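What follows is one structure encoded as structure tokens, with my remarks underneath.
Sequence lines set the chain letters: A, B, ... in the order given, protein chains first and strands last, and positions in each chain run from 1. Just so you know, these numbers come straight off a predicted model, no measurement behind them.
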Protein chains: 2
Amino acid sequence: MEYKEAKDKFISTWGSLGTLWGINKAMAQIQALLFISTKPLSTEEIMEELQISRGNTSMNVRQLIDWGIVTKELVPGERKEYFTTEKDVQELARVIAKERSRREIQPVIKTLKEVSTIKDDGTEKTRELIKQTKALHDLADTADMMLNKLVNQNQNWLTKSIFKIFK
Amino acid sequence: MEYKEAKDKFISTWGSLGTLWGINKAMAQIQALLFISTKPLSTEEIMEELQISRGNTSMNVRQLIDWGIVTKELVPGERKEYFTTEKDVQELARVIAKERSRREIQPVIKTLKEVSTIKDDGTEKTRELIKQTKALHDLADTADMMLNKLVNQNQNWLTKSIFKIFK
DNA sequence: ATAAACTTTCACAAATCATTGAAAGTTTAA
DNA sequence: TTAAACTTTCAATGATTTGTGAAAGTTTAT
């Protein structure tokens, strides 16, 4: 497999992974492209490489910046904006974990809490609803704690934890 | 908040969570409905509760069975099929983790491996591609190991692990 | 102040994904 | 075997998401 083929494969695989996880394809592909690029890229270069429109590129680069995984790079003497992504995979994982917790897990925990604390009217179905949503709430809470731990620890936390778990 | 309101809230929240994670809304809602039901439900009852068509119900129940989180229940003397979902959250988490690993993570690991082992032609861009995809491969592998551990251990593994990690 | 260089927005178009419902298929009971 | 009871399939349709490109907006240099 040659460079170009490998690059395209990586970008498209990353793109479909994104789709599967509720992240749009272009956004994931732009990130992938920047991730393997040896230098910051301009909007034009991204458009050209991925064959997408200016508007699409602009929107999705903005979202990536919003997520905190892409940053503007100012090249001296250039008017254009250039973009880079976080290159360290551990840091990347931390940022993504943090965002997913904030956007997805927190709201669900909130709802589960609300639902699991309704008044117990003594009927079987109410009891079941309370019992099951409470169990889910506990699970979600635990999962979220793990993610947050991941987010707040130093970069080697993940690796170190694996040792503890597997010991 | 009364029972009905709480139930509806739970089902719709679970449904949108599903969407966010690439699982279709109806599928997630059916699972939620079964999860808080005190008895097995028939196709008709599911259709009625969620206001969805017979075809839709059939397809998505089938998928849930495929995932291994819903089972047919045969009620003696009845012709209809009734369905139940796994009620234990830990077991549910294990099954879902296992499926997600199989369907999503494994294929990506495979591609990352392929891409990261192309021949190093000495150019900077090839080196960067190899370096970065290798790093991702290692991360994905680690994440997958964690998930598999979760899948293969006894039910208290998760809780116990948290202790080790937080100690 | 003006114009060139560049970025963002947004109405519309295109593509993707979910849902329906009726027809075809299957199972069961008699 | 037949017919009733039930389940599955799938082409058509509806809904939602994503992408486009031209126009509007912004910034910078002069």
Side-chain angles (χ1 to χ4, degrees), chain A residues 11-34 40-67 70-85 103-104, chain B residues 11-34 40-67 70-85 103-104:
Chain A
I11 291 174
S12 89
T13 302
W14 210 238
S16 32
L17 183 72
T19 304
L20 207 54
W21 285 66
I23 287 157
N24 113 0
K25 199 177 97 191
M27 187 172 154
Q29 290 189 336
I30 292 171
Q31 201 277 326
L33 177 62
L34 292 175
L41 300 180
S42 67
T43 303
E44 265 80 16
E45 289 168 313
I46 295 170
M47 289 167 61
E48 167 62 25
E49 276 280 359
L50 304 178
Q51 293 292 306
I52 59 178
S53 73
R54 181 173 297 280
N56 198 3
T57 306
S58 172
M59 295 287 225
N60 287 106
V61 166
R62 206 105 330 259
Q63 275 227 76
L64 284 164
I65 291 173
D66 231 55
W67 271 66
V70 162
T71 46
K72 286 187 195 176
E73 200 85 357
L74 296 178
V75 174
E78 279 268 18
R79 191 98 149 249
K80 256 183 272 192
E81 291 179 329
Y82 286 80
F83 306 99
T84 348
T85 192
R103 296 173 193 230
E104 298 164 25
Chain B
I11 291 174
S12 88
T13 302
W14 210 239
S16 31
L17 183 71
T19 304
L20 206 54
W21 284 66
I23 288 157
N24 112 0
K25 199 177 100 191
M27 184 171 158
Q29 290 189 334
I30 292 171
Q31 199 277 326
L33 178 63
L34 293 173
L41 300 180
S42 67
T43 303
E44 265 80 15
E45 290 169 311
I46 295 170
M47 288 167 62
E48 167 62 25
E49 278 277 0
L50 303 180
Q51 294 291 307
I52 58 177
S53 74
R54 180 173 298 283
N56 200 1
T57 306
S58 173
M59 296 284 227
N60 287 107
V61 166
R62 206 104 331 260
Q63 275 228 74
L64 284 165
I65 291 173
D66 232 56
W67 271 65
V70 162
T71 46
K72 286 187 193 176
E73 200 83 359
L74 296 177
V75 174
E78 279 267 19
R79 190 97 150 254
K80 254 182 276 191
E81 291 180 330
Y82 286 79
F83 306 98
T84 349
T85 191
R103 297 174 191 230
E104 298 164 25

Nearest-angstrom distance from the residue atom CD1 of Ile65(A) to P of dT7(C) = 11 Å
Atom-to-atom span, CD1 of Ile52(B) to P of dT7(D) - whole angstrom | 14 Å
To the nearest Å, give me how far apart CG (Asn56(A)) and C1' (dA11(C)) are.
-> 16 Å
Roughly how bent is the helix from dA1(C)-dT30(D) to dA30(C)-dT1(D) end to end, in steps of 10 degrees, with each end axis from five pairs?
-> 20°
Want to settle it: does Asn60(A) or Lys72(B) sit nearer the 5' end of DNA chain D, counting the closest nucleotide to each?
-> Lys72(B)
Take Ser58(A) and Ala26(B), find for each the nucleotide of DNA chain C with the closest heavy atom, and name the residue whose nucleotide sits nearer the 5' end.
-> Ser58(A)
Between dT7(D), dG19(D), dT19(C), which nucleotide has the shortest distance from any of its atoms to the side chain of Ser53(B)?
-> dT19(C)
Roughly how many Å is it from CG in Leu74(B) to C1' in dT7(D), rounded to a whole number?
-> 14 Å
Under 4.0 Å protein heavy-atom contact, by nucleotide of nucleotides 23-29 of chain D - B base, S sugar-phosphate only = ----BB-
For the pair made of CD in Gln63(B) and P in dC17(C), what is the distance, rounded to whole Å?
-> 14 Å
Describe the nucleic acid contact of Asn24(A) in one word from base, sugar-phosphate, nothing, applying a heavy-atom distance below 4.0 Å.
-> sugar-phosphate
Nucleic acid contacts of residues 41-48 of chain B, taken as heavy-atom distances under 4.0 Å to DNA chain C = none
